[in-house]
Amino acid sequence: MSSLQETAALLAHSLRTRRDLLGPRRTGVSRESLERLGKTDLRSKNSPISNVKSEMPREARLAALREAVSTCRKCEHLAAFRTQTVFGAGNPHAELMFVGEAPGADEDKQGEPFVGRAGELLTKIINAMGLSRDDIYIANVLKCRPDMPPNASGNRPPTAEEMQRCLPYLREQIAIIQPRILVALGKTAMTGLTGTDEPMGAMRGRWFTFENIPLLATYHPSYLLRNGSNTEKRKVWEDMMLVMGKLGMPVSEKQRGFFLTSK
Ligand code: URA
């Protein structure tokens with residue numbers, strides 16, 4: 001493909017993504033315009049437009065999706081409240097993807113997931129696995145900070161309806177990144193992803209699937225911040241060792257012993 005064709009393919013893909021996710025009325029792109037864009041030079045012998053999407057680099061596909069998310073107004077109350085959307089961050093080729101529930105105040109300000117206190121703890125957990133945030137991908141089910149009453153501090157969990165409306169974005173994100181393993185952080189994220197409504201104590205440490213990808217549920221880092229006992233930290237660590245085992249990562253003796261000593 002020439003660079004002009006590539007640009008046109010990117011534009012067509014971006015518009016198609018927006019149209020699929022937001023609907024034709026909100027994007028103002030007619031089927032005819034898309035078809036015309038798809039019919040022009042892009043239909044070269046070796047590159048039918050139907051293959052452009054999968055041929056395109058993950059980075060470009062994520063960029064197009066990020067752009068669609070950034071202007072989403074499906075939840076008017078969230079769009080009016082947010083500073084910006086929080087799309088996700090990390091390696092587009094990651095084998096491991098963490099999924100949280102929704103951005104909080106810190107994430108809303110910075111536009112990055114898990115940058116507050118819970119994020120610092122998540123980073124420590126990732127580092128203890130011998131990985132960095134650049135090796136993995138982090139996203140939330142909801143891409144906007146849940147709105148709060150005027151003058152209220154703190155954050156609220158997203159509702160099931162908000163998560164349902166936003167889920168197509170995460171689904172597309174996962175389809176692009178194709179991680180080998182998903183980890184749901186906390187009950188809200190797990191419910192948003194799967195609809196499962198079991199208590200977290202019963203779900204953690206168990207394998208589920210999302211779109212045929214193994215999905216492990218573990219406690220949210222905020223829970224560990226509230227309940228800092230080594231017993232609960234050890235449970236999360238055991239979950240992470242399950243993940244490491246599934247990814248074929250070696251687990252050292254030192255790693256095996258984390259959080260076992262003091263109560
Ligand atoms: N909690 C989440 O679930 N996601 C974030 O991005 C931050 C805190």
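Because only heavy atoms are used, hydrogens play no part in the values below, and waters and symmetry mates are left out as well, while side chains stay in. The first residue of the sequence shown is numbered 1, and numbering continues consecutively from there. All ligand and atom numbering here is 1-based and tracks the order in the structure. In this text the structure is predicted, and so the values were computed from the model without any measurement.
Considering backbone and side-chain N/O atoms, Pro113 never comes within less than 3.5 Å of an N/O atom of ligand 1. Between Ala102 and ligand 1, at least one pair of N/O atoms sits closer than 3.5 Å.
Summary of contacts: the protein heavy atom closest to atom 4 (N) of ligand 1 is Asn140 OD1, 2.8 Å. Among protein heavy atoms, the minimum distance from atom 1 (N) of ligand 1 is reached at His220 NE2, 3.2 Å.
Gln178 and His93 share no donor-acceptor pair across their side chains, judged by distance under 3.5 Å alone. Between Gln173 and Lys143, the side chains place a donor N or O and an acceptor N or O closer than 3.5 Å (distance only, hydrogens not considered).
Under 4.0 Å is where a charged nitrogen must lie from a carboxylate oxygen, and between Arg204 and Asp239 at least one such pair does. Salt bridge Glu120/Arg117: absent, no basic N to carboxylate O contact under 4.0 Å.
Atoms of ligand 1 found under 4.0 Å from any heavy atom of Gly100, numbered from 1 in the order shown, are 3 (O).
Heavy atoms of Glu101 found under 4.0 angstrom from ligand 1 belong to the backbone as well as the side chain.
Ring planes of Trp237 and Phe259: perpendicular class, angle over 60° (limits at 30 and 60°).
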